[in-house]
**Q** 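Submitted below is the structure of interest, expressed as structure tokens.
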Amino acid sequence: MKLFGLQLPEFGKRDPREAARREASRREAARAPANRSRGRTQFNLRGRLLLVGGALGLCSFALLARALDLQVIDNEFYQKQGAARFLREIPIATSRGMITDRNGEPLAVSSPVESIWANPQELLKSPARLPQLADALGMDRDELKNRLSQRADKEFVYLKRRINPDEAKAILALEIPGVASQREYRRFYPQGEAIAHVLGFTNIDDRGQEGLELAFDDWLRGTPGAKRVIRDRRGRIVENVDLVRAAQPGRDLTLSIDRRIQYLAHRELRNALTQFDATSGSAVVLDVATGEVLAMVNLPTFNPNSVGTSARDAHRNRAVTDLFEPGSTMKPLTVAAGLEAGVISPASMFNTNPGWIANGRYRTTDTHNYGVLDTTGVIRKSSNVGAAMIAKRLGNQQFYDFVRRFGYGERTGSGFPGESAGVFPAPDRWDGTSKQTMSYGYALSVTPLQIAAAYAALGNGGKLTPPSFIKGQHAPSRQVLDPKIAAEVLHMMQTVTEPGGTATQAAILGYHVAGKTGTSRKASAGGYSRRYIGYFAGLVPVEHPRFAMAVMVNDPDPSKGYVGGTVSAPVFRNVMEGALRLMDVSPDNLDTWLAAQAEAEAKRLKATGRALPVTATTAVDASTPTARAAQ
Amino acid sequence: MNRYVILAVLVLANVATALLVVRDRHEHRLAFIALNKLDKTRDELNIEFGRLQLEQATWAESNRVDQVARARLGMVFPRTEDIVVLRR
């Protein structure tokens with residue numbers, strides 16, 4: 001009804017013209033009753049109300065259904081969204097395992113540091129505090145501003161990484177909005193450069209990059225844990241909600257290295273390099289019975305606590321990565337090969353006249369004409385000609401197989417990253433002169449570690465043990481030479497350090513030392529130059545050898561000395577003397593010690609004859625503790 | 001009748017377990033806070049230990065010991081003639 005009442009005047013409005021008005025209203029009046037009667041029959045209040053009510057009901061049902069769907073049936077989505085707004089899963093930093101030497105002395109320790117980070121969106125809202133922050137960080141003000149505005153749309157930027165926790169506390173105390181700190185771990189190497197090459201170093205994320213840090217990264221590295229926390233807008237943790245994963249700290253690693261021997265080797269090698277103006281050097285000390293590496297040093301070295309400042313070249317562990325021609329240190333192997341094949345005996349005589357022997361169109365020469373030498377003499381005098389004569393009696397394959405058994409031409413199995421296998425080609429790639437030149441250590445290349453391992457095999461009754469950097473973890477050794485022949489060769493090598501040998505400077509009072517010098521000329525374009533590598537490799541004490549050591553001094557100044565017996569032998573002696581004392585190895589040559597003592601006693605008596613007797617007693621008192629150690 | 005008893009028991013059980021869940025969650029949270037606190041203490045002790053070890057190792061650094069012994073304490077290595085060998 002009402003609808004119609006409203007409709008009627010509207011018709012009138014639609015027809016505003018005065019002239020047509022009456023006509024129109026008359027017509028309207030005639031039509032209206034018909035309209036009205038049609039409306040009455042079609043209009044159904046109940047039906048319409050039901051329709052409207054039904055539609056509204058459906059709407060609210062849809063809303064309810066949706067609400068049910070969201071809150072009960074499929075409630076995950078919004079819960080997730082809600083959680084994403086304030087719940088955070090944050091990592092729990094874990095420390096890397098400690099590396100210790102064989103006596104438990106720490107060599108690499110992870111210590112916590114703080115990294116300051118900021119939320120640029122938050123921080124840029126209070127620009128007035130930026131200068132203050134820059135000063136606290138020790139950064140340039142403009143630089144800080146640039147850095148932040150470049151990352152204005154980000155929520156995270158490191159401001160300063162790995163700083164002292166106290167320093168971090170001072171910065172946080174400024175309470176600048178959007179600035180927070182995060183704990184990280186940094187590696188410290190208290191032994192510094194003495195052991196830098198063996199340990200290697202880690203990168204800023206505490207992952208091993210070189211050396212044993214890299215080789216044992218999985219072992220040392222912990223698994224970071226995770227916990228769920230509620231964080232407020234400024235990134236502060238309001239509440240710890242749950243532990244997702246517990247942090248698994250890294251495991252400790254006990255190396256076979258002895259810190260004291262390592263230091264000794266480092267010091268002595270450094271002294272030798274300074275004295276002879278050499279460019280680089282390496283030294284390796286192995287425990288003969290187990291193959292454990294007791295010391296491994298290289299020069300030049302670097303400070304592992306600030307790796308960035310050092311030359312890349314100094315990072316290399318030359319003792320395992322660099323290849324050199326072994327020179328005369330090869331001769332004991334040549335002799336052993338001859339003895340094993342039965343082509344020579346210890347009593348064989350070699351006529352090395354006139355001090356050279358032809359090798360194809362080249363010559364193998366000795367530094368002097370040694371005349372007739374026995375097998376021992378070949379080693380004692382280090383006669384190239386003698387070694388060449390032994391090799392002549394051996395077949396190519398025979399010689400190759402023998403030397404190969406000692407591990408030349410293949411990795412030692414130490415597991416050190418980047419270890420070289422050496423260069424020792426098979427006989428089918430030899431030319432006519434190869435075997436002869438190899439017999440005295442040219443035309444093949446090895447690492448200092450390989451030399452030390454091969455010598456350790458000679459001292460270990462012919463058993464070659466792969467070197468190991470881990471205390472108590474040894475790979476099985478293999479018999480590469482008859483123990484009897486190994487002992488024979490060892491006694492021949494003993495003459496090298498005795499009067500008349502090439503390395504009298506390697507002799508140690510109270511001990512028999514077996515060793516071999518080596519002086520190899522460095523290959524350069526088109527031949528061998530007047531530049532040298534001085535070697536000494538040896539074993540001590542000869543009865544039951546404990547240590548095998550190889551020393552290599554590269555490129556000494558020839559005017560100051562270059563022969564292995566001069567540049568490298570003293571390093572060997574000084575280090576071994578210390579190692580024997582540190583490891584309580586009993587002397588096997590007490591007689592010389594007693595003789596030296598008697599001589600000293602005689603001198604002292606002569607001195608006390610002139611001086612007061614009191615001096616004599618104090619001298620004896622002062623020496624008592626050391627004497628006890630020598631028992 | 002019987003059905004209503006079962007229903008009542010179930011409702012009660014439901015309410016009871018709901019309350020227990022609430023209690024356990026609360027206890028879990030408290031325990032977690034305690035755990036965090038202990039973890040923190042442990043970490044701090046570990047860190048302190050690590051620092052002390054580091055400090056000790058720095059003082060005992062071979063090079064330093066060598067230099068202190070020679071320069072400050074005036075120690076020398078015994079010469080051959082200073083060593084007396086005793087035999088038993």
Side-chain angles (χ1 to χ4, degrees), chain A residues 92-95 98 100 105-112 165 183 185 188-194 225 227 229 239-243 246-247 249 259-260 262-264 266-267 509-510 577-578 587 590 593-594 596-601 603-604 619-620 622-631, chain B residues 14 18 21-88:
Chain A
I92 308 170
T94 180
S95 61
M98 188 167 75
T100 67
E105 296 282 347
L107 301 177
V109 183
S110 280
S111 190
R183 170 170 295 169
Y185 287 89
F188 289 96
Y189 302 92
Q191 293 299 314
E193 52 184 30
K227 62 178 173 182
V229 299
E239 192 188 343
N240 282 317
V241 178
D242 202 0
L243 185 70
R259 179 175 69 100
R260 302 164 299 175
Q262 178 81 17
Y263 167 69
L264 254 180
H266 175 73
R267 189 186 72 193
L509 184 68
E577 223 167 38
L590 259 182
W593 205 327
L594 291 171
Q597 195 200 333
E599 205 178 298
E601 193 71 22
K603 236 187 251 169
R604 199 178 293 143
V620 169
S623 56
T624 322
T626 24
R628 204 169 292 139
Q631 273 174 40
Chain B
N14 194 4
V21 166
V22 169
R23 192 201 64 181
D24 283 355
R25 271 198 94 111
H26 180 67
E27 272 178 7
H28 168 250
R29 223 161 255 201
L30 287 183
F32 188 67
I33 289 168
L35 174 70
N36 265 311
K37 226 178 252 172
L38 289 172
D39 269 354
K40 211 169 174 187
T41 322
R42 180 202 63 188
D43 287 351
E44 258 153 34
L45 289 172
N46 268 337
I47 286 159
E48 181 71 15
F49 181 55
R51 265 197 218 165
L52 290 172
Q53 267 180 316
L54 200 60
E55 192 180 328
Q56 189 262 346
T58 314
W59 287 115
E61 205 258 318
S62 309
N63 199 12
R64 203 189 98 84
V65 172
D66 188 312
Q67 260 153 34
V68 169
R70 279 175 213 277
R72 204 192 308 162
L73 303 175
M75 293 168 93
V76 288
F77 208 80
R79 291 164 302 167
T80 312
E81 52 266 39
D82 296 334
I83 298 171
V84 176
V85 182
L86 302 176
R87 292 186 104 165
R88 278 197 296 204

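Labels below follow one simple rule: chain letters A, B, ... track the order of the sequence lines, proteins then strands, and each chain is numbered from 1. Values in this document were obtained by computation on a predicted structure and should not be read as measured data.
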**Q** Just list the side-chain donor-acceptor pairs under 3.5 Å for residues 34-51 of chain B, sequence neighbours left out, or say none.
**A**
unit_1: B/N36; atom_1: ND2; unit_2: B/F32; atom_2: O; d: 3.3
unit_1: B/T41; atom_1: OG1; unit_2: B/K37; atom_2: O; d: 2.7

**Q** Is it the backbone or the side chain of A/K227 that comes under 4.5 Å from a heavy atom of chain B, or both, or neither?
**A**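 Contact with chain B involves the side chain of A/K227 alone.
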**Q** Who among A/A600, A/P190, A/G510 has the most heavy-atom pairs with chain B under 4.5 Å?
**A**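 Sorted descending by pairs with chain B, the first entry is A/P190.
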**Q** Could you tell me whether the side chain of B/V65 reaches within less than 4.5 Å of the side chain of A/Y263, counting heavy atoms only?
**A**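 Not touching, per the 4.5 Å side-chain cut-off.
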**Q** Considering only heavy atoms, which portion of A/Q191 lies under 4.5 Å from any heavy atom of chain B: side chain, backbone, both, or neither?
**A**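 For A/Q191, backbone and side chain are both near chain B.
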**Q** Between A/P165 and chain B, with a heavy-atom cut-off of 4.5 Å, which part of the residue counts as in contact: side chain, backbone, both or neither?
**A**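 Contact with chain B is through the side chain of A/P165 alone.
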**Q** Applying a criterion of heavy atom separation less than 4.5 Å, what residues of residues 53-62 of chain B form contacts with chain A?
**A**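 Answer by number: B/Q53, B/L54, B/Q56, B/A57, B/T58, B/A60, B/E61, B/S62.
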